[in-house]
Amino acid sequence: MTAEHKIMERVTSGIQGYDEMIKGGYFKNTVNVISGESGTGKTVFGSQFLFHGVQNGEKCLCIVTSESAESLKREMHSSFGWDFVELEKSGLITFVDITDPELRLQKTVDMAPMELIKSFKKLLSRKIDEIKPTRVFIDSIEALFLAIDSHYKLKTLVDDLFGELRTYDITSLITVGTTFEVESIVEYGADSVTRLGRVVSGNNLQRSVYVAKFRGSGTINEIRVLNISDSGIKVLDQSPYTATG
Ligand SMILES: Nc1ncnc2c1ncn2[C@@H]1O[C@H](COP(=O)(O)OP(=O)(O)OP(=O)(O)O)[C@@H](O)[C@H]1O
Ligand SMILES: [Mg+2]
C-alpha cells in the first residue's frame, strides 16, 4: 500500500453489500450523489447512511427539501423502525426542513431561483458551523436547481455548492431525481455517483444499483440487486438480470 492510499480515509455507508461495491466506503470529505427515478430508494439509502452514522456515535445533519422532515421521519419509523424523533433528542442527528416558515426559505414561485440557492447555501453553512456534523444528507437537490434555465449557470452553481461542502470535515450524500434533466450536471460535479433503478426480469420487478463513477478508486463494475426489507437496504451479490427473486 502506498502513502497516497493511506491518506484517503473511508467512511462506511452502513449498507451491507454496497460498501463492498465501493471497496470499503466513501472517501472522507467528499460529495456523493445517489440518483434514480421516483420510488427507487434514494431517501431510504440516505436515511440509512445517517442511521448508521448515529449508531457509530457520529453527528449527522439531514436537510430535507422534497417533502417535510416530519413525513420523512414518520416513513422511516413505519418502514424500518428507525426512530429519528427519539434520536434527534439525543442531539446526534438534526433535521432541517427548508419549508419551515421560520427559515423564510420556502420554495415559492415568487422567490428568484438564484436567491433561493444563495439562501440555501447560507443556511447549509450556518447549520454545519452550528452542528459540526461528520455526515450530511441532502434529500433532494433538484428542487433547488429546476428553475435555472442555463446549463452554464447550473454547472457553476452545482460546482460552487459542492466546493463549499468539501471545505468542511464532512462526508455528504445528495439525492437527485432523474426525470428533471438536472441530474447529469449534478452528477458531473460529484465525487461519486450511484444510480438506483428498476429492472424487469420476466414477470419480476427487481430493484437495481450500480456505481457510475467513483473518483480516486476502482469499484465493482457490476449492476447488482438492491433489496429493501423491514431491516432497510442491502445490496445482494446478484445481477438483477439473472436473479429470480
Ligand atoms: N419495509 C419495507 N420493505 C420493503 N420495501 C419497503 C419498505 N419500506 C419502504 N419500502 C419501499 O421503499 C420505497 C421507498 O423508496 P424511497 O422513498 O427511498 O424512494 P425515492 O427514490 O426517495 O423516491 P422519490 O424520488 O419519490 O422521493 C417504496 O417504494 C417502498 O415501497
Ligand atoms: Mg425520496
Side-chain angles (χ1 to χ4, degrees), residues 13-19 21 26 31-55 60-85 87 93 95-100 107 120 135-147 158 172-187 190 192-201 203-212 223-236 238 240 243-245:
S13 68
I15 294 161
Q16 195 193 323
Y18 177 72
D19 285 324
M21 285 185 93
Y26 294 123
V31 177
N32 304 282
V33 161
I34 307 295
S35 58
E37 285 175 20
S38 181
T40 50
K42 302 182 296 295
T43 299
V44 179
F45 197 106
S47 303
Q48 189 161 333
F49 170 75
L50 293 190
F51 188 72
H52 176 67
V54 171
Q55 285 183 314
C60 298
L61 172 64
C62 184
I63 313 258
V64 188
T65 74
S66 54
E67 55 183 326
S68 79
E70 291 316 308
S71 355
L72 190 152
K73 286 183 250 183
R74 206 171 36 239
E75 286 159 20
M76 294 307 122
H77 197 193
S78 67
S79 286
F80 314 109
W82 304 335
D83 192 349
F84 283 122
V85 173
L87 291 171
I93 187 160
F95 286 82
V96 176
D97 194 332
I98 74 159
T99 55
D100 183 342
K107 291 176 288 174
F120 178 80
R135 290 181 188 232
V136 173
F137 172 39
I138 304 175
D139 190 32
S140 62
I141 203 78
E142 71 268 2
L144 287 177
F145 295 125
L146 266 179
V158 168
S172 318
L173 204 70
I174 296 177
T175 62
V176 63
T178 49
T179 26
F180 308 98
E181 294 182 358
V182 296
E183 81 276 7
S184 56
I185 293 177
V186 170
E187 288 182 347
S192 85
V193 174
T194 298
R195 297 210 181 115
L196 308 185
R198 294 182 192 88
V199 168
V200 178
S201 167
N203 202 21
N204 195 16
L205 196 60
Q206 291 278 6
R207 294 184 184 279
S208 65
V209 55
Y210 68 94
V211 183
I223 178 162
R224 295 217 160 153
V225 172
L226 185 88
N227 178 271
I228 308 182
S229 68
D230 289 353
S231 47
I233 283 189
K234 66 179 172 193
V235 174
L236 309 184
Q238 297 182 328
T244 52

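We count ligands from 1, going down the list as the structure has it; atoms in each ligand are counted the same way.
- The environment of Q16 atom CD is sparse: at most 12 non-hydrogen atoms of other residues, nucleotides or ligands sit within 6.0 angstrom.
- A search for side-chain hydrogen bond (donor to acceptor under 3.5 Å, both in side chains) contacts involving E187 returns S35, R195, not counting sequence neighbours.
- Residues of the protein with a heavy atom under 4.0 Å from ligand 1 are E37, S38, G39, T40, G41, K42, T43, V44, S79, F80, R207, I228, S229, D230, listed by chain and number.
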Residues Y18, T194; criterion side-chain contact (heavy atoms from CB on, under 4.5 Å); working and verdict: CA-CA 10 Å; Y18 177 72; T194 298; 2.6 Å; yes

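- Contact record, M21 with V209: CE-O, 3.9 Å, taken as the closest heavy-atom pair.
- Inside a sphere of radius 2.8 Å centred on the Mg ion (ligand 2), the protein N/O/S atoms present are T43 OG1.
- The minimum heavy-atom distance between G36 and T178, with the atom names listed, is C-OG1, 3.2 Å.
- A search for side-chain hydrogen bond (donor to acceptor under 3.5 Å, both in side chains) contacts involving D19 returns S13, not counting sequence neighbours.
- Taking 4.5 Å as the limit, some side-chain heavy atom of Y26 sits within range of a side-chain heavy atom of L173.
- Remark: aromatic rings of F49 and F137 are distant, center separation not under 6.0 Å.
- Residue E181 qualifies as open at atom CD: its count of foreign heavy atoms under 6.0 Å is 12 or below.
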